[in-house]
Amino acid sequence: MPRDLCRAEEAVVFKDVSFSYSNGFTLMDVSFTIRSGELALIMGPNGSGKTTVLKLMAGMLKPLSGDIYLCGIDTRRIKLSEAARYVGYVPQNPWMAFFNNTVFNEITYVARNTGLSKEEYEARALEVSSWLNIAHLLQRSPYSLSEGEARRVSIAAAIIHDPSVVLLDEPTAGLDYLNKIDYVNIVQKLVLRRGHTVIMSSHDVDLLTLFPEAKVILLNNGRLSFNGYIRDLLSRAHLLLSNNLLLPAPIALSTYLNELLGVGEGSGASVEELVERTVLRKDVIGELICR
Amino acid sequence: MMYRLHPVTKAIIALASIVVASICPLACLTAFLAFVVSLSFVGMEFTKFLRIARSALALILVLALFSLIYGALSARSLSIILEAGFTQGVIVGSMRLFQLMLSFAALFSTTRPQSIVRMLSKLGVPYKYAYILVLAIRYMSVMMSDFQEIYDIQAIRGLRVDSGGTLMRIRSTLSLFIPLIVASIDRLNDMSIALEVKGFGLSKHRSYAFTEKASLMDAVVIALTSLIVAGPYLALNSALVK
C-alpha cells in the first residue's frame, strides 16, 4: 500500500520556509512539523497564505529558501506526479479536477496513475465509495452531482490509492451546518479509522471546537502566528482576535458569560452564588444566547 | 509619462507603427524606432521597459535566426548569410517587428482596461463590443491561472503529460482542458449574470464617471508621430512638385 511508503515519524516538516509570488505576497520563515497520523488545521484570515502552505506541502510550489520534507523526502527533489504516491489532494472546487465521464473513472484515476492493478482499484473503489456513501453514484457523470456529493467524490478520488497525507483546501467553505458536521465526521474517520495524516486549510473557526485534539498552524500575512494544539490556542483566545479571526461561538459565549457573571478562574464563586447571579442577569443572558 | 498620455494618442502611435512596419523607408523606420524606444524608456518604469524589450528581442532573435537558416537552406549556400543585402533585410525586418511590438506593448501595459474601452467607444466601436474585447484580454490571465491550478491538481493525481503513447497523451491533455472549459463556462455564466443585473447594455448612450482629457503633451506626441511617418512622403512630394 502506498501509505506504507511513508515511514517517517514526521509526515510534513517546514524548516524556515520562505516563498513569494510575483504579485508581492510573501511567506516568511515558516517552520513547523506535523506528525504522521495527526490532524492539522492551517488557519488564518483571507490572504494569510494557507493555500500557499498547502501547495508547498504538496510540491505544487517550490520554496525560495528553507526546506520542506514530505514523508522525509525533500519536495524539491521529487516530481509532482511522483508526490501523488504520498499525497491525496482535495481542491476547494471539486470541479477543477473532474474530467472523466463517470464517477467511477474519476475516483480510480489516481489509482490507475500510481499503478494499482484493475482488480485492486476496482475493489478499492467499491470499498471507498461505500464508506463515503457514494456507491450509488459510481455510474453517474461527475458534472451531474450536487455540491455535497461532489465533495465526497473528491475525497474518494484523493484517498483511493491510500496516500499517507491527505490535503484538504478550504473543505467546509460554502457548506451548510449539517453538511459541515457530515464532513467533519468523514475527516475524523480518515484520521482515527484509516490512519491518514490529514491537513486542512480553513478560516472557519468553528473547526477549532469540532476538532479539539487537532494541531493548529495559525498564519497571518504570510507569517506564522501560532504553532501548537487547539487547547493551547483557545486558552490564548486573544491570538485569534489579533489575527483577524472570530472566536468560535461556544468559546465566545462562555467568555462573555464568565465576564458577565464574574465566575472566571479563581473567582471562588459557589454554585448558589452562580445561580443567583444567573437569575439576576437572565434577560441579558437570554439576549446573548439569541444573538 | 506614458501613463499620462491619452489612450487615443497611444492608439495613434500603435496604428502608426503598423504603417511604419508595412511601407515606411529605412530613414523613417529608424526615426520612428528611436522615437518609440525613447518614449517608452522615459515614459514607463525601467523594469517594465526592460521586461517588454527583452521579451520582444528574444522573439525577434528566434525569428531572425530562423530567417537566416531558412534563407541559407533555400539558396543551398551558407554564403548568402554574408551577403550585405540579405543580412540587411533581416535586420530591417527585425527593426520593423521590434517597433511594432514595443508600440502595442506600450499601449496595453500603460493603459487601464477601462480606458481602452472608453478609447474604443470614442473611435466609434459600440460599447458592448469594446467591452467584450477588453474582457477577452483580461480573461486571458484568469484562464492562465486556472490552467496552472488545474495542471497542479492533475499532476498531484499522477498525471504525466510528457510520457506514454499518443492516445495516453491525448487523454492527459483532455484532463487539463475539460476542467478548464467547464470552469471558464461557469465563470463566464456568473460574469454575464453579474453584468446583466448591473444593467449592462441597457442604454445605447453610456455615460462615464471619468473621461481622459488630452493635454499639450498629447498634441506634441501626435505631431511628432505624424511628422516622422508622413515626413518622407511630404519631402518626396515637394521634391516632385519642384
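Naming: A, B, ... by sequence-line order, numbering from 1 per chain. As the structure is a prediction and not an experimental result, all values here were calculated from the model.
At a 4.5 Å heavy-atom cutoff, the contact between A:Glu106 and chain B is made by backbone and side-chain atoms alike. Heavy atoms closer than 4.5 Å to chain B are found nowhere in A:Ala111, neither backbone nor side chain.
Across A:Trp95, A:Tyr89, A:Tyr109, the residue that shares the most heavy-atom pairs under 4.5 angstrom with chain B is A:Tyr109.
Taking a 6.0 Å sphere around NZ of A:Lys189, one finds it holds more than 12 heavy atoms contributed by other residues, nucleotides or ligands. With a 6.0 Å radius and a threshold of 12 heavy atoms from other residues, nucleotides or ligands, A:Phe25 has its CZ atom above the threshold. Within 6.0 Å of NZ on A:Lys180 lie more than 12 heavy atoms contributed by other residues, nucleotides or ligands. Heavy atoms from other residues, nucleotides or ligands lying under 6.0 Å from CZ of A:Arg77 number 12 at most. Within a 6.0 Å sphere centred on OH of B:Tyr3, other residues, nucleotides and ligands contribute more than 12 heavy atoms. Enclosure of atom OH in B:Tyr139 by more than 12 non-hydrogen atoms of other residues, nucleotides or ligands within 6.0 angstrom is indicated. With a 6.0 Å radius and a threshold of 12 heavy atoms from other residues, nucleotides or ligands, B:Glu196 has its CD atom at or below the threshold.
Annotation: the span from B:Ser172 atom OG to A:Asn113 atom CG amounts to 8.0 Å, rounded to 0.5 Å. A:Leu167 CG to B:Ile156 CD1: the interatomic distance, rounded to the nearest 0.5 Å, is 7.5 Å. How far CG of B:Leu174 is from CG of A:Asn100: 9.5 Å, rounded to the nearest 0.5 Å.
Between the side chain of B:Arg157 and the main chain of A:Ala158, no donor-acceptor pair closer than 3.5 Å is present.
At least one side-chain heavy atom of B:Glu149 sits less than 4.5 Å from a side-chain heavy atom of A:Lys55. With a 4.5 Å cut-off on side-chain heavy atoms, A:Phe99 and B:Leu176 do not count as touching. A:Tyr143 has its side chain within reach of B:Ile178: a pair of non-hydrogen atoms, C-beta onward, lies under 4.5 Å apart.
Taking both residues in full, the closest heavy atoms of A:Ala84 and B:Ala155 are given as CB-O, 4.4 Å, listed atom of the first, atom of the second, then distance.
Applying side-chain contact (heavy atoms from CB on, under 4.5 Å) to A:Met96 and the options B:Asp152, B:Asp146, B:Leu180 leaves one that passes, B:Asp146.
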